[in-house]
Every structure is written in C-alpha cells, then in structure tokens.
Amino acid sequence: MRRVFFLAFVVVALSGCNGPTAPAAVVAPAAPVPSAPAPAADDGEAAKVFEQRIAPIFKSPDPSSCARCHLATVDIKQYILPSAKDTFLALRDQGLIDLNKPEDSKILALINRGADDPKAAGLISAKRQKAEHEAFAAWIKACAADPAIKNAPKPEKAPALSTMPVEVVRHARKDRMLESFETNVWSMRFRCMNCHTEGTPQSAKLVKEHGERVAWFKKGGAEATMDYLIASKLIDLDKPEKSLLLTKPLNEMKHGGGVKIVVGDQGYKALRAWIEDVAAIKKEKYTKSTDLPPTETGPKRFGTEAWLKLEKTPDAWGDKLLQADVYAWDATVSAWERDPIATSDRVVFGKGKLWQHTVTLLAVPGSDRAKAWAKAKPALPAGKYLVKVYIDSADKAKKDWKAPLGADEYVGQVEFQGRWAEGYSAMTTVDASKVKK
Ligand code: HEC
Ligand code: HEC
C-alpha cells in the first residue's frame, strides 16, 4: 500500500515541483527533446523519468540501503508520507531539508553515510544507496526551485514521520549489535569445542558428515558469524527460546554434540539474551527508549581454550550447576583483585566426581586489559589464583534463566597455581576437596 502511495507521490512531486533545472538531473540522455517545451510536456517527461529511474527502486521489495548499518527500525520509507505535500512539510519541519542549499539537506547526509567507504564497493546496498540519494536530491532540488512549494506556510501541526526515537535507532545499529554479539556469543565459541568453527579439523570432519551448515562460527570472525546467524534459520524470531541456537546445544532437539548447555548457565544466558534482542529489533518491538533492555554494565567477555578442572568434587555437588569465579593476585597491593578475571560454569559430572570447562576471561570495558585482549589472543599469565565456587543446589538458574548465582550458592574458595596452557589435555587442575568457606 505504502509503496503504491509513494509512487503516486513521486510522480506528483516530480511533475509538480520541477523547476526548469530539475529535469537535467534525471532525464535520460537519449530522451527526445520536445520541440515546444510546454509545462505539460515537462510533466509527461518527469513522469516517464520517474517510471524509468525511481519507481523501480521503490517498487523493490528489498529493504532500503539503511539496512547495511541499521539492523532494523530505520528505512528510507519512514521518511515518506502518502502525499508529496505532507512529505515535504514533515521533512522541512524536522529540519531534514535545506531549501537554500538543497545539496546540504540532512536527509541526503543520512542516506549517503558510508557511501565512500571502500568496503561498500560492489555491495548491492551501495547501488541502492546511490539511487536513493539521486532520487531525493533531484526531488528536493525541484521543490526548492518552486516558489509555491518552497514558501508553503507552516501548518499548525506538521505531518508526523513514522521514524523511531534516536535511542531505538542507536540500539539497533549493527556496530552496536556487534559489540553485544562479541561479548555474548562470540566469547562462548570454545564452549562448542571447535565443532562449529569453520576451518578447524574438528569442524571439517563434521562438515563432511553433515554439510556446511555445521561450520557456523565463521572464519571471517565475529561480524561474519553475526551476519550469518541473523540471516539463518537458527534464530526463531517468533519464539526466541525455541531457536535452534538454544534447543540444539540443550539437546532439546537431538544434537550431534549432545548436551552442551543447560537452561540458565552462562552460555544459555548469553545466547538467549542476544537472541531475544535480535528478535525484538527485527519484530520492531522496541518503539520507545524504555522498551530497550538495560545497557550492559558487566565486564567484556573473551573466550579461551584454557581449561579449568576441579577434581574430587564432593558428592553434594553431583549433577548440579557449578560456577567457578577466578581471581588474580595483585602483587602491588598484596591482595586478590576485587573482580573475577575469569569465570566458567557447567553441571558437575557426579559419577566421575569431576568438573571441567573452558574459562571465559573478564575485563572492564575500555580497561588496558580489555584493550590488550581485543588486540592479541586473550590469555592468563601463569601464577597464583583464587577460585570461588558456587553450587546451584536449588536449581535456581533452571527455574529463572536470568537469575545470577551469588551469596546463597557460595560453597567456598581455594588458592591454586594456574598454568593456563591451552587445550583439553593441558588443564589447570584444582583439588575441590580443599574448597573451604
Ligand atoms: C554505512 C553505515 C550507515 C548507513 C548505510 C546508514 N547509517 Fe544511519 N547511522 C550510522 C551511524 C554509524 C550512525 C551514528 C552516527 C553518529 O553517532 O554520529 C547513524 C545514525 C543515524 C541516525 C541518527 C540517530 C542518532 O544517533 O542520533 C539516523 C536517524 C539514521 N542513521 C538514519 C539512517 C537512514 C534513514 C539510513 C538509510 C537511508 C541510514 N541511516 C544509513 C550508520 C549508517
Ligand atoms: C562434539 C561436537 C559438537 C559440539 C561440542 C557442539 N556441537 Fe552443535 N552440532 C554438532 C553436530 C555434529 C551437528 C550436526 C547434527 C545436528 O544437527 O545435530 C550440530 C548441530 C548444531 C546446530 C544446528 C546447525 C544447523 O545449521 O542445522 C546448532 C545450532 C548447534 N549445533 C549449536 C551448538 C552450540 C551452541 C554448541 C556449544 C554451546 C554446540 N553446538 C556444540 C556437534 C557439536
């Protein structure tokens, strides 16, 4: 409906407010020049040019070029109203068009952002962007050249655009989403033990058996993986908790890798929060700033292939979710650091009296540590560490996936020497029978 309206509006707009200069910008070179250019002929010509150059862009069912950087919530169509006049009045009221210098109009800057980025070269969206820019530029220029439109009186109430509040627009920007993806999903990839990491021997073997779909942690890194997942069927936008990205590792849907997470553990929490956010953005559930999830204030997380093992676990811990928070020794003040430097959680293997998992490193966003780990491979130095252990005896996390483990679950701590070598066969081992309150 909206596009049909829009077509009508551009035809009217181009024919209605074309000044003498406007057609030059849009007429195809081969168009025959009318012998006596009466206004009616101009109208016909403009309509024709629109049909040929602008209509196809707006008839396209594809999202606008904005989608390259904004996950949703922003589309060029939101800046358009059914009538040309309303669109003009709304854009003018919002200060998005500059009638004295049409080429400086803010709407053109919004459309053109990133157009000269070399990364855009060859993208379909870059072509679309150019077409959108040219169409709007021509229209604004034509409006500015028509005194009747240019000087249209300000109505009592300017028509409203269907744009979203800036907070919502900011939240759904791809660069912001990527930050949250890195800390929530990308950092968890070693929990999936390279089975899904493109280019590793483990995944190469599984790809042979199950096809390319298995290698969804992309070689290209966090951004390539995010783009792949968002477009894949692994996320269920209608029922986020039923996404294969959760139901497979839960083994709720039969999973080639077996049970790899449980409801409420760190992996589940991180994956679920990210999926819920993507679904809410895509389904346009956020319409005002108070709808947005709270800003992430926690540490930035970095995945590693260093394993921590607790052996001789007490019987009471058997088959319960165990969280291990690791603290580094700060020699400058001769004390343990205030915040954990690493963490992990998983269900204890009761029969084997054993708990082991890869650790996730934690750093305050923007800190030297976070910067170092973002630049080079994140790793812990060998040395003296403390582990604090939490046991979810009451299955709190299973009942409420968002519930954090804390003082109620604390069962004690113990100091140990961490070597933090990488790999399954080089675990840092701690005697759990020494864990004391
Ligand atoms: C190449 C990436 C890119 C493209 C393409 C892009 N944007 Fe943006 N957009 C951004 C970035 C980055 C910001 C934040 C800029 C800043 O804070 O200075 C932004 C900010 C905005 C804002 C302002 C919100 C705020 O933070 O105040 C609006 C509105 C907006 N874009 C609309 C659009 C529309 C409409 C399109 C398509 C016609 C579009 N953008 C295309 C990257 C892009
Ligand atoms: C030991 C290897 C292994 C581990 C570890 C593993 N998986 Fe898998 N996973 C598989 C295999 C094999 C398949 C293909 C067969 C199937 O669909 O179950 C698969 C399939 C999947 C699929 C479906 C992919 C698709 O496109 O159909 C998802 C999603 C998934 N796993 C998520 C995870 C997550 C998340 C983790 C880590 C928390 C994980 N897996 C850990 C072996 C593993």
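The first residue in the sequence is number 1, and the count goes up from there. One-based numbering, in listed order, for ligands and for the atoms of each.
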Those atoms of ligand 2 less than 4.0 Å from some heavy atom in [X]:
{"X": "His210", "value": "12 (C), 14 (C), 15 (C)"}
{"X": "Leu244", "value": "29 (C)"}
{"X": "Arg191", "value": "37 (C)"}
{"X": "Lys254", "value": "18 (O)"}

| query | If hydrogens are left out, which of Pro165, Cys66, Gly114, Ala67 has an atom nearest to atom 38 (C) of ligand 1, that is, the closest non-hydrogen atom? | reply | Cys66
| task | From atom 17 (O) of ligand 2, work out which of Met188, Met193, Lys248 has a heavy atom at the shortest distance. | result | Lys248
| said: For a side chain to side chain contact (heavy atoms under 4.5 Å, CB included) check, start with the C-alpha distance between Phe302 and Thr183, then their side-chain angles and the critical distance, and finish with the verdict. | reply: CA-CA 7 Å; Phe302 299 86; Thr183 202; over 6 Å; no
Taking only Lys NZ, Arg NE, NH1 and NH2, and the carboxylate oxygens of Asp or Glu, determine whether [X] and [Y] approach each other closer than 4.0 Å.
{"X": "Lys353", "Y": "Glu311", "value": "no"}
{"X": "Lys320", "Y": "Asp395", "value": "yes"}
{"X": "Asp431", "Y": "Lys312", "value": "yes"}
{"X": "Arg173", "Y": "Asp175", "value": "yes"}
{"X": "Lys154", "Y": "Asp93", "value": "yes"}
{"X": "Arg272", "Y": "Glu276", "value": "yes"}
{"X": "Glu167", "Y": "Lys288", "value": "no"}

What protein heavy atom sits nearest [atom], and how far off is it?
{"atom": "atom 34 (C) of ligand 2", "answer": "Cys192 SG, 3.3 Å"}
{"atom": "atom 18 (O) of ligand 2", "answer": "Gly256 N, 2.7 Å"}
{"atom": "atom 1 (C) of ligand 2", "answer": "Cys195 SG, 2.8 Å"}
{"atom": "atom 14 (C) of ligand 1", "answer": "Arg173 NH1, 3.2 Å"}
{"atom": "atom 4 (C) of ligand 1", "answer": "Cys69 SG, 3.3 Å"}
{"atom": "atom 29 (C) of ligand 1", "answer": "Tyr79 OH, 3.4 Å"}

| task | With Lys130 as reference, evaluate Lys127, Glu134, His133 under the side chain to side chain contact (heavy atoms under 4.5 Å, CB included) test and give the passing residue. | result | Glu134
| said: Against Ser105, only a single residue in Leu110, Leu96, Leu99, Ile97 fulfils side chain to side chain contact (heavy atoms under 4.5 Å, CB included); can you say which? | reply: Ile97
Proximity of [X] to ligand 2 by residue part, where a heavy atom lies under 4.0 Å:
{"X": "Lys233", "answer": "side chain"}
{"X": "His196", "answer": "side chain"}
{"X": "His255", "answer": "both"}

| Side chain, backbone, both or neither: Arg113 near ligand 1, heavy atoms under 4.0 Å | both
| request: With heavy atoms only and a cut-off of under 4.0 Å, state how Leu110 meets ligand 1: side chain, backbone, both or neither. | output: both
| message | Using 0.5 Å steps for rounding, measure from the CG atom of Leu229 to the CG atom of Leu234. | response | 6.0 Å
Below 4.0 angstrom from a heavy atom of [X], which ligand 1 atoms are there? Numbered from 1 as shown, please.
{"X": "Arg170", "value": "25 (C), 26 (O), 27 (O)"}
{"X": "Ile111", "value": "38 (C)"}
{"X": "Val74", "value": "32 (C), 33 (C), 34 (C), 35 (C), 36 (C)"}
{"X": "Arg68", "value": "1 (C)"}

| task | Return yes when at least one protein heavy atom is under 4.0 Å from atom 32 (C) of ligand 1, and no when none is. | result | yes
| task | Begin with the C-alpha distance, continue with both residues' side-chain angles, and end with the deciding distance and a verdict on ring-ring contact (aromatic ring centres under 6.0 Å, His included) for Phe181 and Trp274. | result | CA-CA 7 Å; Phe181 182 81; Trp274 186 77; 4.9 Å; yes
| message | Regarding ligand 1, does Ser65 bring an N or O atom to under 3.5 Å of one of the ligand's N or O atoms? | response | no
| request: Report yes if His70 has an N/O atom closer than 3.5 Å to an N/O atom of ligand 1; otherwise report no. | output: yes
| query | Of all heavy-atom pairs between Lys283 and Asp238, which one has the smallest distance, and what is that distance? | reply | NZ-OD1, 2.9 Å
| Residue pair Leu178, Trp186: steps toward the side chain to side chain contact (heavy atoms under 4.5 Å, CB included) verdict | CA-CA 10 Å; Leu178 182 59; Trp186 187 245; over 6 Å; no
| message | If I apply the N/O under 3.5 Å rule, does Arg213 come out as touching ligand 2? | response | yes
